Amino acid sequence: MIQLVRGFKDILPPETAVWRHVENTAREHFEKFGFREMRPPVLEQTALFQRSIGEHTDIVEKEMYTFAGSRDTMLTLRPEATASVVRAYIQHKLYAADPVCKFYTIGPMFRRERPQKGRYRQFHQINAEVFGIDSPYIDVQLIFMLMTYFSRLSVTGLSVHLNSLGCPECRPAYRQKLSEMLSDRTGDLCEDCVRRLEKNPLRVLDCKKEPCRNAVSDAPSMLDFLCGDCRSHFRAVQAALDAIDIPYEIDPRLVRGLDYYTRTAFEIQTEELGAQNAVAGGGRYDNLVEMLGGPSQPAIGFAIGADRLVELVETKIPAPEPGPVIFLAPMGEAAMELAAKWACLLSDAGVRTEADFSGRSLKALMRRADRLGAENVLIVGDREIEQNEAILRNMKTRDQKSLPMDRLVESVLEHEG
Ligand code: ATP
Ligand code: MG
């Protein structure tokens with residue numbers, strides 16, 4: 001038997017209902033904040049991710065699903081959504097009418113990571129991106145929208161972790177300082193971090209391995225290096241979060257796995273999922289639009305890990321699996337022919353209907369109706385056909401009612417309406 005590819009998963013009912021709930025709630029909630037849905041493709045030119053995420057990141061160095069396209073272009077299954085949204089914003093000149101644009105996207109991402117609990121090779125993100133606003137108030141609005149979204153889903157026990165990554169003005173000095181400090185400790189770092197140290201020392205702060213975490217525990221903080229503008233931006237974000245009663249923790253070690261971030265960076269963590277505790281991450285990327293060939297427009301966004309979110313929601317709201325409103329139990333060939341037609345017409349009229357064509361005994365059919373959680377069973381056999389009356393039995397109250405067969409669909413609709 002051919003099995004599922006490792007690191008991939010099937011999302012099956014009844015879990016699908018939780019996914020739909022999570023996605024529909026995002027749509028409804030985000031649209032109230034002025035976001036519109038964009039659906040970029042899952043395939044892009046590899047260069048897009050190399051240039052945006054950065055050459056010296058785990059994602060680009062070793063996690064992308066890349067293959068040759070036509071001619072000389074290399075193609076990659078998207079490992080994240082922001083790059084595509086930025087590409088679309090530039091390519092379709094979405095900034096022309098008004099540079100302020102707010103988009104959300106929902107869909108699968110692909111990273112060849114080591115599969116483990118909460119970490120898949122195809123996973124799903126719900127993203128939101130805002131272009132054209134550099135005010136710290138939009139940072140806070142975005143975090144507010146994210147946290148109230150989680151509340152709507154009754155997910156609790158989340159905390160906001162906040163940092164500022166500075167800008168190209170102030171980050172180089174910090175990078176230099178960090179790099180100097182870590183150079184003395186290469187013996188304590190993992191192989192990956194020794195390499196990171198050379199190309200991208202900030203990434204060492206993000207390593208999840210214990211020895212590396214210890215090695216950076218007393219590392220200098222970016223916050224001590226912020227330039228005046230970055231510092232006042234960060235202060236304003238904190239004041240506005242306080243004003244709207246969103247608690248947060250400042251975490252000077254928080255960096256993100258992608259190079260394009262500037263200033264505000266944040267992560268939403270849960271206590272409930274063990275090692276894979278980040279449910280969402282985001283931040284500003286004020287230079288990315290220009291870096292990818294667009295106009296100079298600031299931007300900020302976040303990505304929610306939908307797989308992890310669904311896990312949290314599932315423990316709160318078990319997936320509702322409603323049974324059929326009408327379960328048709330026909331006995332005999334003639335009854336089955338009638339039931340086939342009624343099942344079609346009733347479903348089309350909006351009544352959840354299931355018909356059993358197995359030809360088994362009434363007792364067997366009743367058992368199945370019960371198992372499916374049917375609200376009513378409609379019984380029809382030769383005797384009922386002769387008397388032109390089908391029997392509608394309510395499975396809860398056990399009440400029975402005769403319905404005229406020539407007006408069967410209408411009668412059921414009146415009864416259920
Ligand atoms: P992590 O620190 O868990 O590796 P990340 O920093 O790589 O996360 P982002 O690229 O910021 O994650 O993506 C945002 C969110 O997407 C994460 O917070 C997480 O919930 C989710 N996510 C990322 N990678 C995976 C994966 N391989 N499987 C499932 N969810 C993932
Ligand atoms: Mg990661």
Side-chain angles (χ1 to χ4, degrees), residues 5-9 11 19 22-23 26 42 49 52-54 56-65 76-86 104-129 142-143 146-147 149-150 153 155 157-163 165 192-193 196 200 202-209 212-213 251 253-261 264-285 288 300-314:
V5 178
R6 198 167 106 85
F8 288 67
K9 69 172 175 188
I11 300 170
W19 281 85
V22 161
E23 292 165 357
V42 298
F49 303 116
S52 57
I53 299 170
H56 304 294
T57 56
D58 284 357
I59 295 178
V60 171
E61 277 181 349
K62 52 189 188 195
E63 295 175 357
M64 299 202 301
Y65 285 96
T76 293
L77 287 177
R78 65 176 180 194
E80 61 113 33
T82 305
S84 300
V85 177
V86 173
Y104 69 89
T105 65
I106 300 179
M109 308 295 154
F110 304 85
R111 294 182 195 175
R112 193 183 272 120
E113 300 192 74
R114 191 170 73 77
Q116 53 194 292
K117 189 177 171 345
R119 205 174 277 294
Y120 308 95
R121 291 182 163 180
Q122 176 180 333
F123 61 101
H124 303 79
Q125 285 187 344
I126 302 172
N127 284 73
E129 321 283 349
L142 205 65
I143 294 171
L146 184 57
M147 296 311 282
Y149 168 60
F150 292 135
L153 295 172
V155 172
L158 298 176
S159 50
V160 180
H161 297 251
L162 190 67
N163 193 17
L165 299 175
D192 279 339
C193 280
R196 285 176 186 133
N200 200 347
L202 263 72
R203 304 241 32 77
V204 178
L205 296 175
D206 199 29
C207 185
K208 301 197 166 75
K209 299 201 181 83
C212 302
R213 295 191 77 97
D251 180 354
R253 302 273 174 283
L254 178 76
V255 290
R256 314 274 308 116
L258 309 92
D259 278 354
Y260 52 63
Y261 286 109
T264 313
F266 56 92
E267 204 166 89
I268 314 302
Q269 298 177 3
T270 168
E271 301 141 9
E272 289 178 35
L273 293 179
Q276 288 3 297
N277 66 349
V279 184
R284 276 205 165 267
Y285 48 94
L288 185 58
I300 180 167
F302 65 67
I304 302 169
D307 307 73
R308 295 179 193 175
L309 180 57
V310 163
E311 253 192 76
L312 293 175
V313 171
E314 234 159 9

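Note that ligands are numbered from 1 as they come in the structure, with each ligand's atoms numbered from 1 the same way. In this chain, numbering begins with 1 at the start of the sequence shown. Predicted model only: the values in this text are computed from it and were never measured.
The option with the heavy atom closest to atom 4 (O) of ligand 1, from among Q269, R119, R112, is R119.
Contacts between I59 and ligand 1, counted as non-hydrogen atom pairs separated by less than 4.0 Å, are absent for every part of the residue. Residue-level proximity to ligand 1 for Q125 is carried by the side chain, the only part with a heavy atom below 4.0 angstrom.
Of the protein's heavy atoms, none falls inside 4.0 Å of atom 8 (O) of ligand 1.
The contact set between ligand 1 and R256, taken as ligand atoms under 4.0 Å from a residue heavy atom, comprises 6 (O), 9 (P), 11 (O).
Atom 23 (C) of ligand 1 has F123 CE1, 3.6 Å as its closest protein atom, hydrogens excluded (heavy atom only). Counting only heavy atoms of the protein, atom 21 (C) of ligand 1 lies nearest to G305 CA, 3.5 Å. Nearest protein neighbour of atom 28 (N) of ligand 1, counting heavy atoms only, is Y120 N, 3.0 Å. Looking only at heavy atoms of the protein, atom 27 (N) of ligand 1 is closest to E113 OE2, 2.7 Å. Among protein heavy atoms, the minimum distance from atom 20 (O) of ligand 1 is reached at A278 O, 2.7 Å. Atom 10 (O) of ligand 1 has R111 NH2, 2.7 Å as its closest protein atom, hydrogens excluded (heavy atom only).
The aromatic rings of W19 and H124 sit perpendicular, their planes meeting at an angle over 60°, well past the 30° parallel limit.
Residue R111 forms a side-chain contact (heavy atoms from CB on, under 4.5 Å) with just one option from R121, M64, E80, and that option is E80. Of the residues R203, R114, R196, the one that meets the salt bridge (charged side-chain N to carboxylate O under 4.0 Å, His left out) test with D58 is R196.
A donor-acceptor contact shorter than 3.5 Å is absent between the side chain of Y65 and the backbone of P79. In this structure a side-chain-to-backbone donor-acceptor pair under 3.5 Å is present from R308 to A278.
The closest approach between K208 and ligand 1 falls below 4.0 Å for a heavy atom of the residue. Within the 4.0 Å heavy-atom cutoff, Q276 does not count among the residues contacting ligand 1.
Residues S52 and V86 have side chains not in contact (no heavy-atom distance under 4.5 Å, counting atoms from C-beta outward). A heavy-atom distance below 4.5 Å is not found between the side chains of V85 and N127. With contacts defined as side-chain heavy-atom distances shorter than 4.5 Å, the pair Q276/E311 does not qualify.
A cation-pi arrangement, defined by a distance under 6.0 Å to the six-membered ring centre and an angle within 45 degrees of its axis, is absent between R78 and F49.
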